[in-house]
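Letters go in sequence order (proteins before strands), and every chain restarts at 1.
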Amino acid sequence: MPAPFRLYNTLSREVEAFTPAEPGKVKLYFCGMTVYDHCHVGHARAMVTSDMVARYLRHRGWDVDFVRNYTDVDDKIIRRAAENGEAWNELAERYIQSTQEDFRALGLAKPTSEPRVSTSMDTILEMIGTLVERGHAYENEGSVWFDVASFPEYGKLSRQKVEDMRQPDEAVPGKKTPVDFALWKAAKPGEPSWESPWGPGRPGWHIECSAMAQATLGTQVDIHGGGLDLVFPHHENEIAQSECAHGGELYARYWMHNGLLTMASGAKMGKSEGNAFGIKEVLQVFPAEALRIYYLQVHYRSPLPWNVDALPDALGLLSRLYEAKENASQMEGTEAIPAVIAGLGKDAERVVELASSFPEKLYAAMDDDLNTAKALGMAFELARAVNRLSNHKKAKKRGGPIAKLALDAFDVLAEALGLLQLSGEAFVEEVKDKRLPPLGLTREGVEEKLAARVAAREAKEWDRADAIRAELEEAGIQVMDRPDRVEWRIRLDVREEA
RNA sequence: GGCGCCGUAGCCAAGUGGUAAGGCAGAGGUUUGCAAAACCUCCAUUCAGCAGUUCGAAUCUGCUCGGCGCCUCCA
């Protein structure tokens with residue numbers, strides 16, 4: 001059984017030892033996307049967070065049932081579709097496709113189940129029926145409202161008292177009290193609707209997650225996650241619905257909430273703020289792992305500032321790790337490790353020490369409420385030790401067995417965090433593919449200039465060679481003269497886009 | 001008004017009672033035809049401020065200042 005995993009629980013506001021209901025098994029429900037538009041990098045942080053926790057727990061040997069839903073019936077979808085003159089379900093389908101493309105591009109692990117509201121209507125109706133039967137909900141003119149007063153624990157997640165809440169300006173007709181919320185909305189002309197015991201209508205915003213969680217994972221989930229902005233009202237209301245429908249059984253044992261992306265000013269990023277960057281736009285010019293390391297360099301619960309330097313900086317971090325991975329993979333040799341250490345000295349010993357203790361230390365950091373920032377710090381220490389070893393003249397011929405230990409350590413990082421999944425070489429190529437077009441360059445153009453410079457260098461015409469190099473550097477290309485060849489990279493300190 | 005989070009070097013960021021990880025930027029050096037990359041050295045006697053608890057505090061308590069989120073669109 002895995003070592004103790006500790007997770008911050010929003011419900012208790014404390015880091016707690018993680019104990020699922022069933023030993024070895026984790027039921028994970030994460031609020032997914034409402035599909036009315038393309039995803040932006042703020043959504044991606046939440047999705048990468050869900051991926052990180054599922055991926056890590058699976059890596060540690062837990063049997064993870066991971067459910068992440070699509071909300072495809074919603075006010076915004078209906079409104080947007082009406083604006084477009086498009087059928088609501090066509091619009092939703094279009095954005096589900098778009099979202100799935102983004103998730104694939106982000107390298108997100110496939111959830112066990114990805115339920116949709118539109119195909120979960122039976123469970124939704126059944127759950128609302130139960131709530132009405134048990135006196136937790138009431139019908140009024142074809143709509144059904146949750147009766148907040150019937151659930152004394154209401155507010156326990158967000159730590160708010162109903163009487164302290166700011167009252168809405170306008171009263172919604174049909175509600176007994178302003179804090180009551182819709183479980184079922186009576187159909188309006190031109191809107192999609194489903195048949196129900198209360199007449200045609202559609203589900204309210206919160207019931208779908210309660211219902212989909214129940215349908216896929218049962219009455220209790222171990223971890224329920226989502227963005228911090230979902231704590232209230234969404235998750236608070238889910239608790240109310242599920243616990244009332246399930247006779248008071250605790251709905252989620254642990255609540256995890258990721259921090260939001262903020263702008264430099266500290267204000268949050270969001271569609272409604274008009275400051276959102278789309279995932280597609282970002283991934284067109286940056287590798288997905290650059291975005292991932294940008295998220296993971298900060299603890300998942302902290303706010304994360306977004307600015308023009310965020311991705312170039314993150315790509316720099318990632319490049320540093322890949323450089324070390326590539327250096328390690330180029331070392332050869334078949335001697336036994338003690339012999340290699342005897343030959344290469346304490347720098348080799350240092351790599352052995354860091355690499356062999358790496359998994360254990362990584363797990364300790366991750367088990368402590370998923371401390372990815374600390375885990376990455378350790379990866380950089382290992383990278384430096386590997387690079388240092390690779391500077392030895394004999395390292396390339398003899399360092400292989402030791403480098404293998406470092407590569408194994410990097411593989412753990414790949415599996416547990418989803419970073420360094422490519423080879424060093426493949427990474428460099430991906431960076432070129434993505435960064436060349438925004439710089440207005442092509443491989444052919446660069447190679448041509450490079451060939452001219454090689455000729456100049458062979459003729460020892462240093463001024464001409466340096467002029468060509470200066471030109472390339474100006475354009476955003478860094479030339480690297482290796483002993484046996486010439487390489488080139490994209491300069492990360494040349495920043496084009498805003 | 002209510003609930004809650006945060007303030008660590010020029011910048012990003014770990015660290016939640018035992019004497020400040022890691023990355024970027026910067027300075028010097030090794031290497032190089034010169035560079036770049038890499039490596040080495042240096043770079044916070046100090047953690048917004050004040051007071052308190054303690055043998056000991058960035059870590060605990062109180063207050064002050066500053067920033068942010070939520071209070072029915074939100075990842």
Please list, chain by chain and in numerical order, all residues satisfying salt bridge (charged side-chain N to carboxylate O under 4.0 Å, His left out) with [X], sequence neighbours excluded.
X: A:Glu236; result: none
X: A:Glu281; result: none
X: A:Glu243; result: A:Lys156
X: A:Arg469; result: A:Asp466

**Asked** Using atom C1' of each nucleotide, how far apart are B:rA58 and B:rA44 to the nearest Å?
**Response** 12 Å
**Pairwise P distance, B:rU72 and B:rG15 [rounded to whole Å]** = 33 Å
**Complete:** Taken in chain and number order and not counting sequence neighbours, the residues that satisfy side chain to side chain contact (heavy atoms under 4.5 Å, CB included) with A:Asn140 are A:Trp145
**Request:** Output all residues satisfying side chain to side chain contact (heavy atoms under 4.5 Å, CB included) with A:Lys393, sequence neighbours left out; order by chain, then residue number.
**Result:** none
**B:rG23 pyrimidine/purine six-ring stacking with A:Phe380, under 5.5 Å and 30°** = no
**Asked** Could you give all pairs that pass the side chain to side chain donor-acceptor pair (under 3.5 Å) test and reach residues 374-388 of chain A, with sequence neighbours left out?
**Response** A:Asn327-A:Asn387, A:Asp347-A:Arg388
**Prompt:** When every nucleotide of nucleotides 7-12 of chain B is labelled 5' to 3' by its protein contacts under 4.0 Å (heavy atoms), B for base, S for sugar-phosphate only, - for none, what sequence of letters results?
**Reply:** ------
Under 3.5 Å, which N/O atoms of the protein pair with N/O atoms of nucleotides 60-62 of chain B?
none

**Request:** Before accepting this row, confirm whether a basic side-chain N of the pair A:Glu114/A:Lys110 lies closer than 4.0 Å to the acidic partner's carboxylate O.
**Result:** yes
